[in-house]
Amino acid sequence: MVADLHLHTFFSDGTYSPEELAGHAAAQALSAVALTDHDSVEGCPRMAAACAARGIEFIPGAELTAELNGREFHILGYWMDVRSPLLQERLTGFQAARRQRIVEMVERLNRRGVALRAEQVFELSNCSAPGRPHVARALVAAGCCSSYDDAFDRYLKKGRPGWVPKAAMPAAPTIELIHAAGGVAVLAHPGLYRADEMIPTLAAAGLDGLECWHTRHSVTSSESYARVAERLGLVPTGGSDCHGMAKGEPLIGRIRLPYDRVTALKSRCPASAVAA
Ligand code: AMP
Ligand code: FE
Ligand code: FE
Ligand code: ZN
């Protein structure tokens, strides 16, 4: 039995519907999957139903953006109560900040002579948690860029003319929020930050797991993160970070996490701790 604990739908910057994603999960013979849209749990009810229809265990989740020492980290929350009023209130705030950031990014692009309107991005994204990938797609659709990668390379990567820093909650309160909503917190794709020295700080703040296996980690770095997880008492997890066709090809199925890691992670849920 294997799992994929990092997947996106069109409720954030993925391209698949929950039903399409569940179909691919079944085709890949996954036993359990987590939906981890950026700053949104809106796809969870549909994904839960689509997974149930295919006999796949569904784990509700979200990928939150956190800040530590001025750097951005993505923290995955699993098994949170998606109806938690506190979680809903925070997600609504993050989503409003995302829309405001899009408006600012478009203003910056306009000052550089790029003819794009924020409305074009919002129409194309058609979701509550729009982000840079939607700006990239809108730039391509408007004929301003030749491809998604071209849009990031010229305008949207950190430091480029259209880039606006993302306001993020500090890491410790982000982990607390996930716990308060009944979930467990996992640091996403540590290999993408070049900030391994901050992992112990996050562990001390209550982090439960480390995403050791990810489609952008080499075998060597995955194994090295598994040793870090072991040393710090974190559950080693993994996920493909599939965004549907957004990254040119669907990544679902590339990471096949042994199911015992899911069990280990679940046992760290605050509710399980109370029950034990
Ligand atoms: P945002 O949350 O709006 O800052 O957008 C971050 C998302 O953009 C990530 O989750 C990726 O899906 C995507 N992304 C970030 N950097 C790049 C890049 N250089 N090329 C393509 N996609 C990227
Ligand atoms: Fe993304
Ligand atoms: Fe991420
Ligand atoms: Zn992701």
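Positions are given from 1, in the same order as the sequence printed here. Atoms within a ligand are numbered from 1 in the order they appear, just like the ligands themselves.
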* Got a sec: is His6 within less than 2.8 Å of the Fe ion (ligand 3) via an N/O/S atom? -> no
* Check Glu63 and report its N/O/S atom nearest to the Fe ion (ligand 3), by atom name. => OE2
* Asked: Within Asp13, is some N, O or S atom less than 2.8 Å away from the Fe ion (ligand 2)?
  -> yes
* Any N/O/S of His74 under 2.8 Å from the Zn ion (ligand 4)? -> no
* Do NZ/NE/NH1/NH2 and the carboxylate oxygens of Glu19 and Arg54 come within less than 4.0 Å? -> no
* **His243 near the Fe ion (ligand 2): N/O/S under 2.8 Å** => yes
* Structure fact -> Atom name of the N, O or S atom of Asp241 nearest to the Zn ion (ligand 4) is OD1
* Asked: Only one of His74, Arg216, His8 forms a side chain to side chain donor-acceptor pair (under 3.5 Å) with Asp241, so which one is it?
  -> His8
* To do: Look at the rings of His189 and His214 and say which category their plane angle falls in: under 30° parallel, 30 to 60° tilted, over 60° perpendicular.
  => perpendicular
* Just give me the atom name: the N, O or S atom of His74 closest to the Fe ion (ligand 3). => ND1
* Please determine if the Zn ion (ligand 4) has an N/O/S atom from His6 lying under 2.8 Å away. => yes
* To do: Would you check if the side chain of Thr15 reaches a backbone N or O of Met245 as a donor-acceptor pair within less than 3.5 Å?
  => yes
* Structure fact -> The N/O/S atom of Glu63 lying closest to the Zn ion (ligand 4) is OE1
* Would you tell me whether Asp208 and His179 have side-chain atoms, one donor and one acceptor, within less than 3.5 Å of each other? => yes
* **Heavy-atom neighbours of Glu230 CD exceed 12 at 6.0 Å** => no
* Asked: Can you tell me if an N/O/S atom from His38 lies under 2.8 Å from the Fe ion (ligand 3)?
  -> no
* Can Tyr225 and Asp196 be counted as having a side-chain donor-acceptor contact under 3.5 angstrom? -> yes
